[in-house]
Amino acid sequence: METSIRPEQPSDIPAIHEVNHLAFGQAEEAVLVDNLRNSDAFIPGLSLVAVKEGQIVGHILFTKIKIKDDQGNAYNSLALAPMAVRPEFQNKGIGGQLIRSGLDQAKALGHASVIVLGHEHYYPRFGFVPAEKWNIRAPFEVPSAAFMGIELQEDALGNVRGIVEYDKAFEGV
Ligand SMILES: CC(C)(COP(=O)(O)OP(=O)(O)OC[C@H]1O[C@@H](n2cnc3c(N)ncnc32)[C@H](O)[C@@H]1OP(=O)(O)O)[C@@H](O)C(=O)NCCC(=O)NCCS
C-alpha cells in the first residue's frame, strides 16, 4: 500500500506525538513538536505526516528561523526538525518521501531556504550541503559537516551569512 504525505490536521496531534516518542525513544522531541506548534515559529502547512493504510507512520516539521549577521541583518529561513518515522517502518524510504514533499511544499509556499542539523550522509542525497559554504553557523558547537542548508530559490543564500537563531522552544532539547 502506498504511503501518502499530507499536512497535519488537528486530529493527528496525538499520533504525531506518539510517532516522535517512539522514534526517538524519549519524550523530548514529541514535546518539542507540541511546543513548536504553539509558537510563532509554526507554519501550518509545513508539519507533514506520512500516512499508510490510515495510520500515521511518520512526521516532519519545518519551522521559522532567522539567520543573523554581525551587521544587524536578519534573514528568514526554515529549520527542518525534528523528523521521525515509526521504528517498524524505518529504512523503507518514508523519511525520504517526507523530506522531498516538505522541500517541495516549502518552496511552493515561497520559502527561501532550509537548514538542518543531521546526519551528514543522509541529507546530502536531498541536496543539502554544509552550511559553512555560505558562512552560516549554528548557535552551538556542532561538527561542520552535520550542519547543512539547501536553497529553495536560486541563489537564495548568496548574500546570507551569520548565525542561526532558533525558536526558544528548542532550548534544552
Ligand atoms: C531519521 C528517520 C526519520 C529516517 O526515516 P526513514 O524512513 O528510516 O528514512 P529512509 O528510509 O528514507 O532512509 C534511510 C536511510 O537513512 C539513514 N539514516 C537516517 N538517519 C540516520 C541517522 N540519524 N543516523 C544514521 N543513518 C541515518 C539510514 O541508515 C538509511 O541509509 P541508507 O539509505 O543508506 O540505507 C528515522 O530513521 C527515524 O525516525 N529515526 C529516529 C529519529 C531521528 O533520529 N530523527 C532524525 C533527527 S531529527
Side-chain angles (χ1 to χ4, degrees), residues 5-8 16 19-20 23-24 28-30 32-33 35-37 39-50 58-85 90-91 93-173:
I5 311 291
R6 61 162 175 77
E8 72 165 43
I16 291 170
V19 164
N20 278 282
F24 285 96
E28 275 83 347
E29 288 79 8
L32 171 63
V33 170
N35 290 341
L36 283 167
R37 190 180 289 110
S39 78
D40 292 338
F42 190 69
I43 304 165
L46 289 180
S47 177
L48 304 180
V49 291
H59 173 251
I60 192 168
L61 183 62
F62 297 82
T63 53
K64 295 179 204 166
I65 53 171
K66 298 261 186 218
I67 302 167
K68 293 188 167 176
D69 69 17
D70 55 13
Q71 310 291 311
N73 301 303
Y75 304 91
N76 294 321
S77 184
L78 298 176
L80 186 179
M83 71 173 291
V85 171
Q90 289 176 10
N91 290 305
I94 295 171
Q97 261 184 272
L98 281 163
I99 294 172
R100 288 195 186 87
S101 295
L103 294 177
D104 286 350
Q105 188 60 19
K107 183 174 177 171
L109 290 170
H111 295 282
S113 61
V114 177
I115 302 291
V116 68
L117 171 59
H119 203 265
E120 65 192 75
H121 296 301
Y122 185 57
Y123 293 95
R125 65 182 77 163
F126 309 103
F128 286 89
V129 298
E132 66 183 3
K133 170 181 175 181
W134 301 284
N135 249 306
I136 295 170
R137 311 278 172 198
F140 36 73
E141 282 292 314
V142 59
S144 60
F147 196 68
M148 293 168 271
I150 187 171
E151 296 176 321
L152 302 177
Q153 320 287 343
E154 199 181 336
D155 208 27
L157 295 173
N159 294 314
V160 177
R161 54 163 55 212
I163 297 174
V164 169
E165 188 179 279
Y166 290 97
D167 188 87
K168 57 182 183 312
F170 280 97
E171 281 166 22
V173 178

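- Using a 4.5 Å heavy-atom threshold, the side chains of Val129 and Pro124 count as separate.
- Across Val173 and Glu29, no two heavy atoms sit closer than the pair CG1-OE2, 4.4 Å.
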With side-chain contact (heavy atoms from CB on, under 4.5 Å) as the test, would you mind laying out the steps for His59 and Met83 before giving the verdict? CA-CA 6 Å; His59 173 251; Met83 71 173 291; over 6 Å; no
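- In this structure, Ser144 OG and Lys133 NZ are separated by 14.5 Å, a value rounded to the nearest 0.5 Å.
- The two atoms that bring Leu46 and Ala106 nearest to each other are CD2-N, 3.7 Å, heavy atoms only.
- Contact record, Gln105 with Gly45: CG-O, 3.7 Å, taken as the closest heavy-atom pair.
- Val114 has its side chain out of reach of Tyr123: every pair of non-hydrogen atoms, C-beta onward, lies at least 4.5 Å apart.
- Checking side-chain atoms of Asp69 against main-chain N and O of Gly72 turns up a donor-acceptor pair under 3.5 Å.
- Side-chain contact, Arg37 with Asn35: no donor N or O sits under 3.5 Å from an acceptor N or O.
- Contact check for Ile115 versus Leu80: no side-chain heavy atoms found under the 4.5 Å cut-off.
- Rounding to the nearest 0.5 angstrom, the gap separating the CD atom in Glu132 from the CE atom in Met148 is 11.0 Å.
- No more than 12 heavy atoms of other residues, nucleotides or ligands sit less than 6.0 Å from atom CG of Asp40.
- The shortest non-hydrogen separation linking Ala50 to Ile5 is CB-CD1, 3.7 Å.
- Within the 3.5 Å criterion, the main-chain N or O of His111 finds a donor-acceptor partner in the side chain of Gln153.
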Steps toward side-chain contact (heavy atoms from CB on, under 4.5 Å) verdict (Trp134, Ile67): CA-CA 11 Å; Trp134 301 284; Ile67 302 167; over 6 Å; no
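- Between Pro130 and Phe147, the closest side-chain pair of non-hydrogen atoms is not below 4.5 Å.
- Of all heavy-atom pairs spanning Leu36 and Ala81, the tightest one is CD1-O, 4.3 Å.
- Here the CD-CD1 distance, from Glu8 to Ile16, works out to 4.0 Å after rounding to the nearest 0.5 Å.
- Contact annotation: the side chain of Arg100 approaches that of Phe126 to within less than 4.5 Å [non-hydrogen atoms, C-beta and beyond].
- With hydrogens and angles ignored, the 3.5 Å screen pairs no side-chain donor or acceptor of Glu120 with any backbone N or O of Ala146.
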Walk me through whether Asp167 and Thr63 qualify under side-chain contact (heavy atoms from CB on, under 4.5 Å). CA-CA 8 Å; Asp167 188 87; Thr63 53; 5.9 Å; no
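- The CD1 atom of Ile136 sits 8.5 Å away from the CD1 atom of Ile65 when rounded to the nearest 0.5 Å.
- In this structure, Ala30 and Asn20 approach most closely via the heavy-atom pair CA-CB, 3.7 Å.
- For Ser77 (side chain) and Ser113 (main-chain N/O), a donor-acceptor pair under 3.5 Å exists by modelled atom type.
- Within the 3.5 Å criterion, the main-chain N or O of Leu157 finds a donor-acceptor partner in the side chain of Glu151.
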Test Ile150 against Leu103 for side-chain contact (heavy atoms from CB on, under 4.5 Å), laying out the working first. CA-CA 9 Å; Ile150 187 171; Leu103 294 177; 4.1 Å; yes
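- Contact check on Lys68 versus Glu165 returns a salt bridge, with a Lys/Arg side-chain nitrogen under 4.0 Å from an Asp/Glu carboxylate oxygen.
- Looking only at distances, no side-chain donor or acceptor of Tyr166 sits under 3.5 Å from a matching main-chain atom of Pro139.
- Note that CG of Leu61 and CG of Leu32 are 7.5 Å apart. Values are rounded to the nearest 0.5 Å.
- Val49 has its side chain out of reach of Leu98: every pair of non-hydrogen atoms, C-beta onward, lies at least 4.5 Å apart.
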